[in-house]
2 protein chains.
Amino acid sequence: MCNWLHMHRVAYYRAAMALEHAILVSLAERSASGYELARRFDASIGHFWKASHQQIYKVLGRMEADKLVESHLVAQDGRPDKKVYAITGEGRDELAAFTTTPTGPEVLRSDLAVKLRALPFGDRDAIVATVRQRRADHLATLAGYEASAARYYPDPSAVPAEQLGAWLVLSGGMRAERGGIEWCEEILQALVPQAPGEETR
Amino acid sequence: MCNWLHMHRVAYYRAAMALEHAILVSLAERSASGYELARRFDASIGHFWKASHQQIYKVLGRMEADKLVESHLVAQDGRPDKKVYAITGEGRDELAAFTTTPTGPEVLRSDLAVKLRALPFGDRDAIVATVRQRRADHLATLAGYEASAARYYPDPSAVPAEQLGAWLVLSGGMRAERGGIEWCEEILQALVPQAPGEETR
DNA sequence: GATGCATGTGCAACCAGTTGCACATGCATC
DNA sequence: GATGCATGTGCAACTGGTTGCACATGCATC
């Protein structure tokens, strides 16, 4: 029972709705409640696609109306009931179709870049502090990724086929963090020239 | 004449409104019409912060109401009149204040990551094609950045202080593109194992 | 018994950005 | 003269996402 609006949306906006597809991937791997999905987005997928629980519930509702997922209530003891969502056949079709659509160039939005360009008009020390913070964030995120990598992919040259995609994503995440760290260090070198040893924190 | 809404917005949303700040930076460097700003966003700043001309006109209108910028009409011959915007003192204050606000971790949204995680549920060849396209896009963007770098910063070790921020942004852009290219190549190696020479396109 | 916390679902208001469209000038080209 | 293009400004409708809030269960802790 697709109404016109639904068809319109699927036809024209598919490329822009990656949150739906991220949820479909997550549910294709394992069924989950909205709450569990939100925590997965905090933990693994969320490193590459953030989503609040409110947004997830909203999208899940729409996806259920679109028959991409279906839910059933599960009673629990010691905790509130939960609504477990599972991907449908239509959802799997949509996910497969998504992989065949071309992806436009990534949109990157860098607050830090704007601040750097504002260097002549702003507070140099504050910007340096921001860069140090950013560097620390990248280091912490990288450490988390490396722990995941060591745990789940101890031998990167022999990743099982069904985990290859997830491994490549994690590897890309580590690359991005390392690149971010190097950029921060280049910036600090340029803005705070001093003995390299002092730049450890 | 700040109304309550305005104060509310400035107080709570400053960190999230980087487009305004990107425009302020651009206008601090040189006054411009909306049309010219849109082209700058296509050319230089836009590599790190996209904005359509419609969005720019909308934000400029709000910024003028907020007294961050001011405009005057300029008649031209052979072309339509234009409305040239200039940054105000208040705008410069706002820009300086922006540089002192902490920046949260960057939100990255990667369609490609979602597609990679969808590998077991989708079309491997189509994903490979997407990665090849992405790699080509990164190569083209990088070539553009390198041309800018060679032209405007022939000696990276001696960048004038007032251009340092812009140079660091450009350098970060090149880093990001090179990182993206390497990631694409890692993905292609993993998905299409073959003689390296064949992976040139 | 109150307070806080993890679990669990969701609405309402708002904001930023996209898409599609409208309309205007003046030049160059078919 | 029509058609297209670069220049120029902008509105209306919509979507994706954020923020703030509400409400519920049951456990542990003060």
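Worth saying up front: this structure is predicted, and the values here are computed from it rather than measured. Below, all heavy atoms of this structure are taken into account, side chains as well, without hydrogens, waters or symmetry copies.
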Between [X] (side chain only) and [Y] (backbone N and O only), is there a donor and an acceptor less than 3.5 Å apart?
X: S26(B); Y: A22(B); answer: no
X: T99(B); Y: D123(A); answer: yes
X: R134(A); Y: L112(A); answer: no

Output yes when K82(A) and E36(A) qualify as a salt bridge under the 4.0 Å nitrogen-oxygen rule, no when they do not. yes
Select base, sugar-phosphate, or nothing to describe what Q54(A) touches, counting heavy atoms under 4.0 Å on all strands. base
For D77(B), report the nucleic acid contact type (base, sugar-phosphate, nothing); a contact means any heavy atom under 4.0 Å. nothing
Using the salt bridge (Lys or Arg N to Asp or Glu O under 4.0 Å) rule, pick out the option among E177(B), E182(B), E185(B) that qualifies with R135(B). E185(B)
Could a donor-acceptor pair under 3.5 angstrom be found where the side chain of K58(A) meets the base of dG17(D)? yes
Mind checking whether Y153(A) and W167(A) have parallel, tilted or perpendicular rings, split at 30° and 60°? tilted
Judged by nearest nucleotide, the residue sitting upstream toward the 5' end of DNA chain D, Q55(A) or R79(A), is Q55(A)
With DNA chain C as reference, determine whether Y57(A) or R109(A) sits nearer its 5' end, using the nearest nucleotide of each. Y57(A)
Reading 5' to 3' and counting Watson-Crick or G-U wobble pairs with both distances under 3.5 Å, write the dot-bracket notation for DNA chain D, | for bases paired outside the strand. ||||||||||||||||||||||||||||||
Length of the line joining K82(A):NZ and dC23(D):P, which is rounded to integer Å: 25 Å
